[in-house]
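Given the structure is predicted, the values throughout are model-derived calculations rather than measurements.
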Amino acid sequence: FILLGIIQFGLIFNSVATLSTAAREAARDGSVYIYDRNLSKQANDTARNNKARTTLLVSMNGLVKTSPQFSAGTTWTNSTSGTTTTYTNGDIVITYELPTGVTDSDMRTGYRMTVRATYHQDLLLPLISNLLPRDTNGRLTLGGEVTMVIS
């Protein structure tokens, strides 16, 4: 039983480390996105988000990239609150925040870009799953979140 518990926590640790690395790679790719002056701000945001999503999925390596563990489609929904715009695509959330003292621009230079990914890890042992918080489907919810400044 102890050996199985060690294996389960090893799988959880691997998922957390992989998800954090994937979010960091996605944020890095999104922060260095080359703005296309022939596209609108919205179209550039979509292109930047798609680039970050692709990088995130590639960087997830051995983690399951399909539902119910992880979901990511092709459509982004967005909402704006003040100087913060949030885009959501399944388990991926990308937020653009304009810091105080930075001038607003279509290129989003100086904005803080946050990439957050949520993964739903299956738990193998019933005793361990009773001790850990679970989502409505009985899976452990893990997250990776990274913020970088757009250059």
Within this structure, what is the [atom1]-[atom2] distance for the pair [X] and [Y], rounded to the nearest 0.5 Å?
| X | Y | atom1 | atom2 | answer |
| --- | --- | --- | --- | --- |
| Met148 | Thr114 | CE | OG1 | 10.5 Å |
| Leu142 | Asp135 | CG | CG | 10.0 Å |
| Glu97 | Thr86 | CD | OG1 | 9.5 Å |
| Leu19 | Gln121 | CG | CD | 10.0 Å |
| Leu140 | Arg134 | CG | CZ | 10.0 Å |
| Gln69 | Asn137 | CD | CG | 10.0 Å |

With a 4.5 Å limit on heavy-atom distance, are the side chains of [X] and [Y] in contact?
| X | Y | value |
| --- | --- | --- |
| Leu56 | Arg53 | no |
| Thr18 | Tyr119 | no |
| Arg112 | Pro99 | yes |
| Asn49 | Asn89 | no |

| request: Check the pair Trp76 / Ile92 against side chain to side chain contact (heavy atoms under 4.5 Å, CB included), numbers first and verdict last. | output: CA-CA 9 Å; Trp76 295 91; Ile92 304 171; 3.9 Å; yes
| message | Which residue is it: Val146, Val58, Thr55? I am looking for the one with a side-chain contact (heavy atoms from CB on, under 4.5 Å) to Glu25. | response |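 The option that passes is Thr55.
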Under 4.5 Å between side-chain heavy atoms, hopping through other hydrophobics if needed: is there a path connecting [X] to [Y]?
| X | Y | result |
| --- | --- | --- |
| Leu63 | Val115 | yes |
| Met107 | Met113 | no |
| Phe70 | Val64 | yes |

| Can you list the residues that meet the side chain to side chain contact (heavy atoms under 4.5 Å, CB included) rule with Phe9, with sequence neighbours excluded? |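 With sequence neighbours excluded, Phe9 shows a side chain to side chain contact (heavy atoms under 4.5 Å, CB included) to Ile12, Ile128, Leu132, given in chain and number order.
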| query | Going through the checks in order, is the side chain to side chain contact (heavy atoms under 4.5 Å, CB included) test met by Thr85 and Arg108? | reply | CA-CA 11 Å; Thr85 303; Arg108 292 202 183 272; 3.9 Å; yes
Minimum-distance pair of heavy atoms, taken over all atoms of [X] and [Y]:
| X | Y | value |
| --- | --- | --- |
| Tyr111 | Thr83 | CE2-O, 4.2 Å |
| Ala52 | Ala26 | O-CB, 3.3 Å |
| Leu39 | Ala43 | CB-CB, 3.8 Å |
| Asn44 | Tyr35 | ND2-CE1, 3.2 Å |

| query | Do the side chain of Ser31 and the main chain of Arg28 share a donor and acceptor less than 3.5 angstrom apart? | reply |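 Yes.
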| said: Using a 3.5 Å distance criterion without hydrogens, assess whether the side chain of Asn14 forms a donor-acceptor pair with backbone atoms of Gly10. | reply: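 Side chain of Asn14 to backbone of Gly10, a donor-acceptor pair under 3.5 Å: no, none is there.
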| Derivation of the side chain to side chain donor-acceptor pair (under 3.5 Å) call for Tyr96 and Asp45 | CA-CA 9 Å; Tyr96 298 98; Asp45 283 352; 4.5 Å; no
| Are Arg48 and Tyr33 in a cation-pi setup, meaning NZ or CZ lies under 6.0 angstrom from the ring centre and within 45 degrees of the ring axis? |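 Ring-cation test returns no.
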| said: Under the rule for salt bridge (charged side-chain N to carboxylate O under 4.0 Å, His left out), what residues qualify as partners of Arg139, not counting sequence neighbours? | reply: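 By the salt bridge (charged side-chain N to carboxylate O under 4.0 Å, His left out) rule, Arg139 matches Asp122.
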